[in-house]
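To find a chain, count down the sequence lines: A is the first, B the second, and so on, and within it residues start at 1.
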2 protein chains.
Amino acid sequence: MARPREFDPDVAMDKAMTLFWDVGYEEASLAELLQAMEITKGSFYKAFHDKQSIYLASLDRYNDKVVSGTVAFLSDKANGTGRIRILGLFGKVAEAIEEDGDRLGCFLCNALVDKAAEGGEAEAKLQAMVHRLENAFFKALTDDAELEEAVAREIARGILSAYFGLRVLGRAGLSAQMAADCIRQVEWLLEKAK
Amino acid sequence: MARPREFDPDVAMDKAMTLFWDVGYEEASLAELLQAMEITKGSFYKAFHDKQSIYLASLDRYNDKVVSGTVAFLSDKANGTGRIRILGLFGKVAEAIEEDGDRLGCFLCNALVDKAAEGGEAEAKLQAMVHRLENAFFKALTDDAELEEAVAREIARGILSAYFGLRVLGRAGLSAQMAADCIRQVEWLLEKAK
DNA sequence: AGAGTTAGGAACTGATCGGTACAAAACACA
DNA sequence: TGTGTTTTGTACCGATCAGTTCCTAACTCT
């Protein structure tokens with residue numbers, strides 16, 4: 001009953017998310033956004049309400065795709081014990097840094113630091129994602145051994161901070177050796193959880 | 001022989017640094033910068049060449065003041081053993097988070113994530129600061145015990161990533177309890193250095 | 001084929017961006 | 001009290017910012 005879209009909103013969203021991921025909210029100009037998404041202004045404002053909206057939608061998308069994927073990996077017992085799964089996650093990150101330099105980092109981590117997120121809806125979304133990650137570490141830890149809840153919670157948070165720290169260092173052009181060293185320390189944290 | 005300055009370039013620089021620290025390079029508009037520094041455009045461009053220059057100068061200032069202060073604290077044997085000094089640093093950070101929420105975080109950490117720094121002079125300055133911190137941790141560790149260099153290096157890097165991770169979480173509005181838990185994990189990392 | 005509906009695209013909005021030009025103001029020196 | 005020098009403030013610059021308007025193109029349904 002009307003003219004159909006000439007672009008796939010899903011892939012356009014993906015392109016937008018990647019740009020925000022790379023350069024942050026403020027630094028992603030509308031012009032760059034349109035170029036990345038390969039659509040024009042009319043289509044943009046018709047399909048996605050405005051810049052703020054698509055940023056929030058990008059956060060949701062990251063949560064749905066990437067964070068969920070990470071949580072799933074950490075929960076899947078087919079990947080080994082909880083300790084192995086956690087180390088596997090860190091190994092993947094280190095691999096990304098080694099292979100392509102990984103200047104993208106982690107969208108969640110980048111957005112946490114980005115002041116554009118503060119105070120509003122974005123911050124709440126980010127905190128929710130942080131808690132999802134924390135809980136995924138927590139569960140992986142308690143899968144392996146009978147741990148006091150408080151102890152497991154502590155270790156999960158320690159791993160979480162090591163994770164974000166590694167991501168920060170990776171984004172800044174950290175050497176691969178440095179990543180490997182960071183992971184050795186996570187191994188040691190996991191020793192406590194035995 | 002000429003009209004004297006009506007402002008103190010040093011305190012103006014401090015104000016500029018604080019703004020960049022808070023909101024990053026891109027998000028700090030010239031208008032906000034001028035308002036914070038309490039000078040007008042004419043004075044700004046005469047005293048500090050342009051926005052990019054004062055940003056780089058802010059990084060240098062942060063290195064001279066804050067990073068040097070941190071390194072000095074970590075090196076000063078009057079503050080206790082190396083382990084105690086390291087834990088003292090983390091304690092200070094946790095305190096800042098508890099007291100005022102610390103939404104400022106660490107300029108170095110924030111700037112590492114800020115894409116505006118990538119590739120140029122800024123990135124080199126940031127990496128240099130990271131290495132200063134890493135070396136300070138390294139020395140504090142080797143002050144306490146005879147450690148193999150490679151082992152101490154590893155642990156220093158692990159502590160470094162935990163440090164940045166804590167800073168990221170703090171900036172995002174992390175609860176004080178979470179900070180305390182992170183520090184418990186650093187304690188455990190230091191156990192290995194005995 | 002014609003009517004109805006929505007997407008696409010270009011022209012345009014006022015506001016703000018970082019930066020410059022220049023004249024008035026304020027000082028040191030003679 | 002001039003005179004030379006530098007700071008200061010303002011008006012202005014073109015470019016870009018996010019967002020709107022509106023006309024045309026492309027489709028579906030009758």
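Ring planes of B:Y55 and B:F20: perpendicular class, angle over 60° (limits at 30 and 60°). B:F7 and B:F48 have tilted rings, their planes meeting at an angle from 30° to 60° on a 0 to 90° scale.
Salt-bridge annotation for B:D10 and B:R61: present, with a side-chain N of the basic residue lying under 4.0 Å from a carboxylate O of the acidic one.
Exactly one of A:V66, A:D114, A:L59 qualifies for a side chain to side chain contact (heavy atoms under 4.5 Å, CB included) with A:F107. That residue is A:L59.
Using a 4.5 Å cut-off on side-chain heavy atoms (C-beta onward), B:K139 and B:L74 make no contact. Residues B:W188 and A:I155 form no side-chain contact, since every pair of their non-hydrogen atoms from C-beta on lies 4.5 Å or further apart.
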How does each nucleotide of nucleotides 5-16 of chain C score, in 5' to 3' order, for protein heavy atoms under 4.0 Å: base (B), sugar-phosphate only (S), or none (-)? BBBBB-------

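Residue B:Y45 contributes atom OH, which lies 12 Å from atom P of C:dA21 at whole-angstrom precision.
Taking 4.0 Å as the cutoff to heavy atoms of chain A, we find the contact window on DNA chain D bounded by D:dC17 to D:dT28.
For A:F90, the ring pair (Phe, Tyr, Trp, His ring centres under 6.0 Å) criterion is met by A:Y163, not counting sequence neighbours.
Looking at B:D181 and B:Q177, their side chains do bring a donor and an acceptor atom within 3.5 Å of each other.
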